[in-house]
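To start, the structure under review is shown below, and the notes come after it.
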Amino acid sequence: MAHVVVLGAGLGGAIMAYELKDQLRNEDTVTVVTKDPTYHFVPSNPWIAVGWRKREDITVDLAPTMAKRGIDFIPVAAQQVHPKESRVELIDGRSISYDYLVIATGPELAFDEIEGLGPHGGFTQSVCHIDHAEKAEEAFQRLLANPGPVIIGAAQGASCFGPAYEFLFILETALRRAKIRDRVPMTFVTPEPYVGHLGLDGVGDTKGLLESEMRAKHIKWMTSTKVKKVADGQMTVEEVNEDGTTKPEKMLPFAYSMMLPAFRGIKPVSGIEGLSNPRGFTIVDQHQQNPTFRNIFAVGVCVAIPPMGPTAVPCGVPKTGFMIESMVTATAHNIGNLVRGKAADEVGTWNAVCLADFGDGGIAFVAQPQIPPRNVNWSSSGKWVHLAKVGFEKYFMRKLRQGKSEPFYESLALKVLGINKLKDTTKG
């Protein structure tokens, strides 16, 4: 009998637990350890921040579904992972031993790396967590009452650019609907070398599509830009040239700002030689397996992925939803093999399928694989993207409540579209 512990219950962790139950033997057990007993659908946070959704609309109580699937559920935060002892120490003093551990914690948000950044004692908003999004909605209401300049974007080292673009256009749509857009100058600030880079060197014509959207909506942008510090109503930024030289600092006034931070690994898995890199992200091989501690796997944003290449200002690589699900499927298959005495042999495709909602339209892209060179490199825009994003939100929440990782009709649809979660390792 094998005991598998899943650390974290976000997008990767919750689906990971469900897929493990499908892949393991009847005598094997799965335990989920998480600091939050509820799941929040993070892609809907930009809608929360403008009042288009409420907390209860995007929240799932995980305990009943986990119990229905026969998964032990411990809503207590981890204090420290002890890989040499194969145990997880919890903040309440308990220790959970494991035969296999899957780290699916998501990131720690590095607001503290820039003075004045973030909603916790800083002056900018965030849509990374539902608590942040609710705070951002309160600030949005103040903006409606007292319009002024807006700055949206991401800080240097950030790797999650999609939500910044989404929120930029969702906010622009909300301001137009409130009839005050003409009183709100908008600027997008990003470390990306060009608009639409996304940490991926672009997908299809994301550069042209996003620049066109910004021009059409009278949004200015600054690329290859560092945020030096933030004060109340003022952001100090510095543009960096390709050769590393810098332009004079600029002071940008704002009445409202939402800036995504850089990520790093959470403390319980950071600073462990052989397990984590200097930023605290978990090191894995092609099978999602840690090379040093072979009974540890990792999926999701906590996985260490090197940047695409040098950029004037550091940009990380995003871990998109479908890419994470491909990691999950590979990991579940591999642990299923290991408990049966076989080798880990499945490799996730790391394909990216993204719907970026703009409030009344949007951009969709497919990157197979996410990291170039690619077999498929496609992007498109239109009102259908907004409708598709709404539909996906409802579908994914239902799937999570049912305790299913991939219903038959999802598997069939992906097959028809030629989008796979696992690589065919017999080719090449």
Side-chain angles (χ1 to χ4, degrees), residues 1-21 24 28-42 45 55-56 58-112 120 128-134 263-272 275-276 280-282 290 293 295-303 324 327-328 331-332 335 397 400-401 403 405:
M1 185 177 86
H3 180 212
V4 184
V5 171
V6 179
L7 186 58
L11 168 62
I15 299 299
M16 186 76 251
Y18 299 159
E19 289 216 25
L20 281 168
K21 288 297 291 184
L24 296 176
D28 298 324
T29 57
V30 177
T31 299
V32 172
V33 175
T34 178
K35 65 179 181 180
D36 196 334
T38 58
Y39 172 85
H40 305 113
F41 188 62
V42 173
N45 282 347
R55 177 182 288 258
E56 56 269 21
I58 66 165
T59 300
V60 176
D61 183 6
L62 291 172
T65 304
M66 294 288 178
K68 182 174 67 175
R69 290 300 313 270
I71 298 166
D72 294 330
F73 187 67
I74 303 175
V76 179
Q79 179 71 37
Q80 184 66 46
V81 171
H82 299 276
K84 293 181 179 179
E85 303 167 30
S86 292
R87 69 181 178 93
V88 179
E89 179 186 352
L90 307 184
I91 60 171
D92 63 3
R94 282 184 287 171
S95 279
I96 309 296
S97 297
Y98 59 81
D99 295 298
Y100 296 94
L101 173 67
V102 182
I103 299 173
T105 58
E108 181 176 275
L109 307 174
F111 292 114
D112 59 295
H120 304 295
C128 294
H129 190 278
I130 190 168
D131 293 345
H132 300 166
E134 288 182 328
F263 293 163
R264 59 187 174 221
I266 69 167
K267 289 181 174 58
V269 298
S270 299
I272 301 173
L275 180 67
S276 55
F281 294 116
T282 303
N290 180 257
F293 304 100
N295 63 338
I296 296 181
F297 292 74
V299 300
V301 181
C302 64
V303 169
I324 293 172
M327 294 181 185
V328 166
T331 299
I335 294 177
M397 297 288 287
L400 206 66
R401 291 188 180 101
S405 61

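In what follows, residues are counted from 1 in the order of the sequence shown. Computed over heavy atoms, backbone and side chain alike; hydrogens, waters and symmetry mates excluded.
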Under 3.5 Å donor-acceptor, Y18 side chain and L400 backbone: yes
Please evaluate residues L11 and F41 with respect to the criterion side chain to side chain contact (heavy atoms under 4.5 Å, CB included), reporting the C-alpha separation (whole Å), side-chain torsions for both, the decisive distance (0.1 Å), and the verdict. CA-CA 8 Å; L11 168 62; F41 188 62; over 6 Å; no
Beyond-backbone contact of R94 with V88, side-chain heavy atoms, under 4.5 angstrom: no
Could you check if a side-chain atom of F263 sits within less than 4.5 angstrom of a side-chain atom of L109, using non-hydrogen atoms only? yes
Could you walk me through whether L275 and T282 pass the side chain to side chain contact (heavy atoms under 4.5 Å, CB included) test, one step at a time? CA-CA 6 Å; L275 180 67; T282 303; 4.0 Å; yes
Regarding S97 and H3, do their side chains bring together a donor and an acceptor under 3.5 Å, going by distance alone? no
Side chain to side chain contact (heavy atoms under 4.5 Å, CB included) evaluation trace for I266 with V269: CA-CA 6 Å; I266 69 167; V269 298; 3.8 Å; yes
How would you list, by chain and number, every residue that makes a side chain to side chain contact (heavy atoms under 4.5 Å, CB included) with V42, sequence neighbours excluded? N45
Got a donor-acceptor contact below 3.5 angstrom from the S276 side chain to the G271 backbone? yes
What are the two closest heavy atoms between G12 and V328, and how far apart are they? O-CG2, 3.7 Å
Flag, side chain of T38 to backbone of T59, donor-acceptor distance under 3.5 Å: no
Can a donor-acceptor pair be found between the side chains of H129 and H40 at a distance below 3.5 Å? no
To check you understand the geometry: which heavy-atom pair defines the closest contact between K267 and E108, and what is its length? NZ-OE1, 3.2 Å
So how far is it from K35 NZ to T105 OG1, rounded to the nearest 0.5 Å? 9.0 Å
Looking just at side-chain N and O atoms, do D36 and T34 make a donor-acceptor pair shorter than 3.5 Å? no
Rounded distance (nearest 0.5 Å) linking atom CG of L7 with atom CZ of F297: 15.5 Å
When rounded to the nearest 0.5 angstrom, what distance separates CD1 in I272 from CZ in F293? 7.0 Å
Atom pairs and distances, donor-acceptor, side-chain atoms in residues 69-82, under 3.5 Å, two or more places apart:
from	atom 1	to	atom 2	distance (Å)
R69	NH1	G403	O	2.5
R69	NH2	D22	OD1	2.9
Q80	NE2	P268	O	3.1
H82	NE2	E89	OE1	2.9

Using every non-hydrogen atom in the two residues, find where C302 and G106 come nearest and quote the distance to one decimal. CB-O, 3.7 Å
What closest approach, in Å, do M397 and I58 show between heavy atoms, and which atom pair accounts for it? CE-C, 3.1 Å
Taking C-beta and beyond as the side chain, do M327 and M16 meet within less than 4.5 Å on heavy atoms? no
Yes or no on side chain to side chain contact (heavy atoms under 4.5 Å, CB included) for V102 and I335, after CA distance, side-chain angles and deciding distance? CA-CA 10 Å; V102 182; I335 294 177; 3.6 Å; yes
Closest contact, heavy atoms only, R264 versus A110: NH1-CB, 3.5 Å
